[in-house]
Amino acid sequence: MSEDTGEKVVELAKRRGYFFRSSSAYGGVGGFYTFGPQGAALKGNVEEAWRDRFAVGEGHMEIDAPTIMPEPVFEASGHLDTFDDMLVECPDCGESSRADHVVEDNTEYEDAESLPIPEVEEIVAEYELSCPECGAPLAGAAIEEFNLMFETQVGPGDGQPGYLRPETAQGIFVEFPRLKEYARGQLPFGVTQVGRAYRNEISPRRSIIRTREFTQAELELFVDPEGDGPDLSAVEDVPVRLYPASEQQADEGDEVETTVGEAVADGTIADPWVAYFLGVAREWYESVGVDMDRFRFRQHLAGERAHYAADCWDAEGEVGGNWIELAGFAHRGDYDLSKHQAHSDERFTVFRQYDEPKTVERAEVDPDMSYLGPEFGGDAGDVVSGLEELAERDRAAFEDETVTVEVDGESHEIPVEKTGFAVEERTESGEHVVPHVIEPSFGVDRLVYTILEHAYREDEVDSEERTYLEVDPEVAPTFVGVFPLQSDAELESEAEGIAASLRAEGLSVTYDDSGAIGRRYRRQDEVGTPFCVTVDYESREDGAVTLRERDSTDQVRLPIDDLPGTLSALREGDLEFGELSG
RNA sequence: GCGCCGGUGGUCUAGUGGUAGGACCUGAGCCUUCCAAGCUCAUGGCCCGGGUUCAAAUCCCGGCCGGCGCACCA
């Protein structure tokens with residue numbers, strides 16, 4: 001579709017109540033959009049379809065966590081560090097650069113990101129670092145901090161700092177200890193969440209494609225690191241268009257048409273779980289109306305991958321001539337749970353029982369604190385951890401009279417008899433393992449946009465231009481329009497009665513008796529209403545009405561009594577309009 | 001955050017230093033037995049603040065918002 005389709009869709013969205021800029025009465029604020037009546041309904045239907053497939057359909061559980069979480073959560077998750085970008089603006093050419101990168105590239109400092117800003121400014125001055133773009137000196141230029149998380153205060157005064165979650169996932173990870181109890185400690189289990197996330201983007205763009213508040217639908221699947229494979233037979237024949245990293249880097253690289261099964265067999269997709277979800281996702285995207293000719297899976301390049309992801313594929317849709325990310329499928333390993341395990345006192349592990357209990361020899365220490373305490377004072381705790389670690393790693397170290405432990409670069413000699421060193425046989429019935437996480441993460445707003453742009457059509461009916469949205473009946477925000485053929489009290493009341501009965505059936509109905517019939521059809525075409533029912537003068541006599549389909553503008557005559565059942569079947573996809581006899 | 005361009009009814013758009021016109025939409029009515037027909041009438045607008053000027057929607061500055069490019073996108 002041409003590039004200005006995007007503009008037409010945005011204009012239509014604004015006019016017909018799909019989405020528009022928020023707070024525009026006050027000048028608006030960048031990166032925030034309101035979904036109007038049609039948009040909210042479409043989005044709700046998309047979310048419901050997602051739940052059907054990824055939560056209910058996979059037998060997973062859905063939760064609903066708060067959008068604000070306390071600071072320690074994000075210390076653990078790594079967001080507090082990695083979300084803080086230090087930008088320095090060149091006084092000469094105006095180019096913004098990552099100050100920490102400039103420092104790391106030109107000095108012996110390795111982790112400049114973790115240094116406080118004044119210190120980085122000093123380093124920049126001291127080393128006379130210059131702008132990577134134009135070479136002008138950066139000394140004296142202010143370093144600004146960009147925190148992509150929205151910060152807030154919980155409680156009055158200087159209450160504890162909290163942050164709006166930058167992804168829904170953390171709400172799941174944080175609650176893992178309780179969720180695993182709910183799952184009775186059995187892997188694999190999946191937890192989903194559909195909700196808002198917030199990022200204070202430097203530059204929100206392109207209507208609802210990149211906003212500061214957006215909706216994610218995420219699934220965190222917790223699997224045993226050894227085992228728990230997916231049932232690939234369910235998706236092995238699903239055709240997929242892949243754009244692997246190797247092809248992206250090749251000179252003449254191209255997308256590859258294959259199937260999930262083949263891609264796993266030939267190693268294109270390394271992880272079977274990721275492959276499984278690519279297959280499920282491709283079928284799901286098609287079912288909600290994404291054009292499969294403008295859809296692909298792209299593998300992340302090595303440098304593009306998040307710090308936690310071993311392998312990652314994105315689902316991409318083409319809109320306005322560009323590919324945008326619709327979903328990410330990442331094998332996150334044990335990154336998230338390990339982080340929380342380390343930062344929190346709770347257990348972010350599950351207990352995996354061995355088939356047979358194992359008898360193992362274990363070297364352990366039971367230090368004599370009445371000796372270590374007085375001897376090492378405040379360092380005693382570190383010494384004990386040193387001993388524990390050493391016993392596990394190197395039993396030979398305890399063979400002499402004394403053992404040497406390094407603590408903070410200092411060597412300490414300890415008599416072995418005071419360490420309580422012993423090698424014992426123990427029976428272990430299992431072990432605590434940190435589950436691995438497979439994360440399919442969907443952006444809902446972008447999907448809504450993609451559905452609209454992929455559904456946008458222009459054609460001619462009786463040599464009159466027509467604009468319509470070919471949205472799938474399953475997600476269409478308004479399902480059926482009901483009209484009297486003309487303004488006539490009897491027809492109107494008949495039509496209103498039908499509208500009421502269809503609403504009672506649970507269908508989303510709009511009633512319209514303004515102007516001419518053709519205008520009303522076009523109005524519904526433009527918002528994407530798939531069907532219209534028209535009551536005419538014969539309806540009284542034959543108890544039938546006209547059902548008109550949006551895409552073809554074809555009409556069939558149906559008994560009024562059949563309407564609820566027929567329309568419900570059309571909605572669910574159990575019936576095609578073409579199967580109805582004219 | 002930087003650079004370029006832009007901001008006129010609900011939508012699209014014309015326009016000039018002397019406070020604005022069109023089209024579509026919408027509403028009321030007439031007409032109309034299935035696809036934006038016609039006729040009459042009506043509602044509704046110069047992004048915000050400051051400056052220059054007798055006078056600013058128009059010129060200048062700043063802000064806000066948008067599009068594109070750069071940077072960013074864990």
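Here is the naming used below: chain letters follow the sequence lines, and residue numbers restart at 1 for every chain. None of these values were measured; they are calculated from a predicted model.
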Once you apply a heavy-atom cut-off of 4.0 Å, does [X] come out as touching a base, just sugar-phosphate, or nothing?
| X | answer |
| --- | --- |
| A:D536 | base |
| A:R520 | nothing |
| A:G31 | sugar-phosphate |

Is a donor-acceptor pair below 3.5 Å formed from side chain [X] to base [N], judging by atom type as modelled?
| X | N | answer |
| --- | --- | --- |
| A:R16 | B:rG10 | no |
| A:Y26 | B:rC64 | no |
| A:T546 | B:rC34 | yes |
| A:E201 | B:rC73 | no |

Quick check for you: among [options], whose closest atom lies nearest to any side-chain atom of [X]?
| X | options | result |
| --- | --- | --- |
| A:R21 | B:rA71, B:rC68, B:rC65 | B:rC65 |
| A:S203 | B:rC34, B:rC70, B:rC35 | B:rC70 |
| A:R205 | B:rC34, B:rU11, B:rG69 | B:rG69 |
| A:Y521 | B:rC34, B:rU26, B:rA36 | B:rC34 |
| A:R210 | B:rC34, B:rC12, B:rC72 | B:rC72 |
| A:V29 | B:rG69, B:rC34, B:rC65 | B:rC65 |
| A:R199 | B:rU11, B:rC73, B:rC70 | B:rC73 |

Is it true that A:E11 and A:R15 have a side-chain N and a carboxylate O under 4.0 angstrom from each other?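 A:R15 and A:E11: salt-bridged.
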
Give me the atom names and distance for the closest heavy-atom approach of A:L337 to A:V434. CB-CG1, 3.6 Å

Regarding A:H300 and A:Q248, is there a side-chain donor-to-acceptor distance under 3.5 Å anywhere? no

In whole angstroms, the gap separating P of B:rC34 from CD of A:E538 amounts to 10 Å

RNA chain B contacts made by residues 482-494 of chain A, counting heavy atoms under 4.0 Å: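 Listed by number, they are A:L485, A:Q486, A:S487.
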
Tabulate protein N/O versus nucleotide N/O from nucleotides 37-41 of chain B, keeping only pairs under 3.5 Å, one per line.
{"residue": "B:rA37", "atom": "OP1", "partner": "A:R519", "partner atom": "NH2", "Å": "2.9"}

Hey, which of these two, A:Y33 or A:N322, hits RNA chain B nearer its 5' end, going by closest nucleotide? A:Y33

Comparing A:D512 with A:K14, nearest RNA chain B nucleotide closer to 5' gives the residue A:K14

If you count heavy atoms of other groups shown closer than 6.0 angstrom to CD of A:E151, is the number above 12? yes

Assess A:R520 against A:F483: is NZ or CZ under 6.0 Å from the centre of the six-membered ring, and within 45 degrees of the ring's axis?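 Ring-cation test returns yes.
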
Suppose you measure atom P in B:rA28 against the same atom in B:rC35; what distance do you get, rounded to whole Å?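 That atom pair is separated by 23 Å.
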
Does any part of the side chain of A:V191, heavy atoms only, come nearer than 4.5 Å to the side chain of A:F222, both counted from C-beta?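 Sidechains of A:V191 and A:F222: in contact.
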
Hey, are the side chains of A:F577 and A:D551 touching, using non-hydrogen atoms and a 4.5 Å cut-off?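 A side-chain contact is absent here, since even the closest heavy-atom pair is not under 4.5 Å.
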
